[in-house]
**Q** 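Below you'll find the structure I mean.
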Amino acid sequence: MAAEHGITIAPSILSANFGRLAEQVREAEEAGADAIHIDVMDGHFVPPITMGPLVVEAVRRATTLPLDVHLMIERPELLIEAFRKAGASNLTIHVEATPHPHRVLHEIRAAGLTAGIGLNPGTPVSAIEELLGGVDVVLVMSVNPGWGGQPFIPATVEKMRRIRTLLDEAGLPAVLEVDGGVSAKTAGACVAAGARMLVAGNAVYGAPEGVGAGMAQLRAAIAAVMGRA
Ligand code: DX5
Ligand code: ZN
């Protein structure tokens, strides 16, 4: 498993077949997924509307893996309890989505979940610097959020490197996660820049030879950078 190298893979169900969601979640689990990434969009923070607590609950019933819930929504503080009840393990909010990220992150942790802070490609690292000591996850968006299957933005690799350095210099344990356009072609650069959790939608659920093959290709790309354990 990729986790042998300390790198985890979280398939994003945004690219899954929703007609057989439970089965697709189990396929990812059997293929060695370390978590399931669930993209929540509200039609305001990002144009599309996707899923909410009801889908998180359905995924919770389909797997024992941690559920990494990515909130691309305004006023995330209003839904912490609903997502907790639905079975979320981690809630990641966007720094652009609330003027009070520090308070919301604290509320997520107080609800017994791990808390992540995400930032869009156009948002500078300085926007999250003061929050790094109080988060479990830092989510670097390597595409503009809203849709699966978009091309990876190469300039975000340098951003990952800068956040990695900030975390390491301060001795902070937050997991550096990357989301958007992650594939066998781009995963290596992310890992080399210090990312430790890779979200992949299209590369897993859109893989022509299936979920297992998509996961295997990602793992091979990671192993090529990390060296085999
Ligand atoms: C985009 C979402 C991603 C998306 C990634 O707004 O946050 O999680 O599912 O999809 P791919 O891996 O296809 O870029
Ligand atoms: Zn996401």
**Q** To the closest 0.5 Å, what do you measure between CE (M197) and NE2 (H37)?
**A** 8.0 Å

**Q** So if I apply the side-chain hydrogen bond (donor to acceptor under 3.5 Å, both in side chains) rule between H70 and each of N90, D39, T92, which one comes out positive?
**A** D39

**Q** Using a strict 4.0 Å threshold on nitrogen-to-oxygen distance, state whether E129 and R162 make a salt bridge.
**A** no

**Q** Would you sort out whether E209 and Q217 count as a side chain to side chain contact (heavy atoms under 4.5 Å, CB included), showing the intermediate values?
**A** CA-CA 11 Å; E209 288 149 32; Q217 282 157 10; 4.2 Å; yes

**Q** Grouping I, L, V, M, F, W and Y whenever their side-chain heavy atoms are under 4.5 Å apart, do I93 and V143 come out in a common cluster?
**A** no

**Q** Whether the side chain of E177 engages the backbone of V199 through a donor-acceptor N/O pair (distance < 3.5 Å, no angle test) should be reported.
**A** no

**Q** Go through F83 and L67 one step at a time and tell me if the side chain to side chain contact (heavy atoms under 4.5 Å, CB included) criterion holds.
**A** CA-CA 10 Å; F83 281 109; L67 303 186; over 6 Å; no

**Q** What heavy-atom pair brings G146 and M72 nearest, and what distance separates the two atoms?
**A** N-SD, 4.3 Å

**Q** Taking side chain to side chain contact (heavy atoms under 4.5 Å, CB included) as the definition, give me every residue that meets it alongside H102, ordered by chain and number, with sequence neighbours left out.
**A** L131

**Q** Of the non-hydrogen atoms in W147 and L14, which two are nearest, and what is the gap between them?
**A**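 The pair with the smallest heavy-atom distance is C-CD2, 4.2 Å.
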
**Q** Using modelled atom types and a 3.5 Å cut-off, is there a donor and acceptor pairing between side-chain atoms of S142 and backbone atoms of D179?
**A**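 Flag set: sc S142 to bb D179 pair under 3.5 Å.
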
**Q** Looking only at heavy atoms, which two atoms of P124 and L119 are closest? And how far apart?
**A** O-CD1, 3.8 Å

**Q** Tell me whether the count of non-hydrogen atoms from other residues, nucleotides or ligands lying under 6.0 Å of CZ in R75 goes above 12.
**A** no

**Q** Is the shortest side-chain heavy-atom distance between I153 and N144 below 4.5 Å?
**A** yes

**Q** Identify whether I222 and L176 are in the same connected component of the hydrophobic contact network (ILVMFWY, side-chain heavy atoms under 4.5 Å).
**A** yes

**Q** Using a 4.5 Å cut-off on heavy atoms from C-beta on, say whether the side chain of V225 contacts that of H5.
**A**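 When only atoms from C-beta onward are counted, V225 and H5 do not touch, as no gap falls below 4.5 Å.
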
**Q** As an exercise, state the distance from CD of E169 to CG of L132, rounded to the nearest 0.5 Å.
**A** 12.0 Å

**Q** Can you tell me if D34 uses its side chain to pair, donor with acceptor, with the backbone of A10 under 3.5 Å?
**A**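 Checked: no pair found.
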
**Q** To the closest 0.5 Å, what do you measure between CG (L65) and CD (E29)?
**A**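 With rounding to 0.5 Å, CG (L65) is 4.0 Å from CD (E29).
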
**Q** Measuring only between side-chain heavy atoms, which start at C-beta, is I49 closer than 4.5 Å to M41?
**A**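 Side-chain contact under 4.5 Å: no.
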
**Q** Check whether any side-chain heavy atom of F18 lies under 4.5 Å from a side-chain heavy atom of M51, and answer yes or no.
**A**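 They are in side-chain contact.
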
**Q** Go through V69 and L113 one step at a time and tell me if the side chain to side chain contact (heavy atoms under 4.5 Å, CB included) criterion holds.
**A** CA-CA 11 Å; V69 177; L113 308 180; over 6 Å; no

**Q** Report yes if some heavy atom in the side chain of V204 is under 4.5 Å from a heavy atom in the side chain of M215; otherwise report no.
**A**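 The answer is yes; the side chains approach within 4.5 Å.
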
**Q** For L78, look at atom CG and say whether over 12 heavy atoms of other residues, nucleotides or ligands are found less than 6.0 Å away.
**A**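 Yes.
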
**Q** I'd like to know if V95 and L166 are part of one continuous hydrophobic network [Ile/Leu/Val/Met/Phe/Trp/Tyr, side-chain heavy atoms within less than 4.5 Å].
**A** yes

**Q** Which atom names give the shortest non-hydrogen contact between P11 and Y205, and what distance separates them?
**A**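 Scanning both residues completely, I find the closest heavy atoms to be CB-CE1, 3.9 Å.
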
**Q** Kindly indicate whether the side chain of P53, heavy atoms from C-beta on, has any atom under 4.5 Å from the side chain of K85.
**A** no

**Q** For V135 and A174, work out which heavy atoms get closest and say how close.
**A** O-CB, 3.6 Å

**Q** Report the C-alpha distance between S15 and Q24 in whole Å, list the side-chain angles of each, state the deciding distance to 0.1 Å, and finish with yes or no for side chain to side chain contact (heavy atoms under 4.5 Å, CB included).
**A** CA-CA 10 Å; S15 298; Q24 290 255 276; over 6 Å; no

**Q** So R26 and E30, salt bridge (Lys or Arg N to Asp or Glu O under 4.0 Å) or not? Walk me through it.
**A** CA-CA 6 Å; R26 283 191 290 266; E30 278 158 27; 5.8 Å; no

**Q** Can V137 be reached from L91 by stepping across I, L, V, M, F, W or Y side chains whose heavy atoms are under 4.5 Å apart?
**A** no

**Q** To the nearest 0.5 Å, tell me how far I36 CD1 sits from S12 OG.
**A**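 Here the interatomic distance stands at 9.5 Å.
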
**Q** Can you check salt bridge (Lys or Arg N to Asp or Glu O under 4.0 Å) on E158 and R161, steps first, answer last?
**A** CA-CA 5 Å; E158 181 51 33; R161 210 169 277 130; 2.9 Å; yes

**Q** Answer yes or no: is there a side-chain heavy-atom contact under 4.5 Å between R219 and I9?
**A** yes

**Q** Just verifying a value: how many Å separate D68 CG and T114 OG1, rounded to the nearest 0.5 Å?
**A**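 The CG atom of D68 sits 7.5 Å away from the OG1 atom of T114.
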
**Q** Working to the nearest 0.5 angstrom, can you tell me the gap between T63 OG1 and E27 CD?
**A** 12.5 Å

**Q** Could you check whether the rings of F45 and H94 sit parallel, tilted or perpendicular, using 30° and 60° as the cut-offs?
**A** tilted

**Q** Please test R84 against E81 for salt bridge (Lys or Arg N to Asp or Glu O under 4.0 Å), starting from the C-alpha separation and ending with a verdict.
**A** CA-CA 5 Å; R84 186 196 65 76; E81 184 54 20; 2.6 Å; yes

**Q** Quick check on the hydrophobic clustering: are V191 and L167 connected, directly or via other members, by side-chain heavy-atom contacts under 4.5 Å?
**A**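 Same cluster.
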
**Q** I'd like to know if the side chain of N120 and the backbone of T123 have a donor-acceptor N/O pair within less than 3.5 Å.
**A**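 The answer is no, because no donor-acceptor pair under 3.5 Å joins these two groups.
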
**Q** Are any of the side-chain heavy atoms of L79 and L71 separated by less than 4.5 Å?
**A** no

**Q** Please find the pair of heavy atoms, one from L198 and one from A187, that lie closest to each other, and give the distance.
**A** CD1-CB, 3.8 Å

**Q** Can a donor-acceptor pair be found, under 3.5 Å and without considering hydrogens, that links the side chain of T156 to the backbone of P121?
**A**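 Pair absent, no side-chain N/O of T156 close to backbone of P121.
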
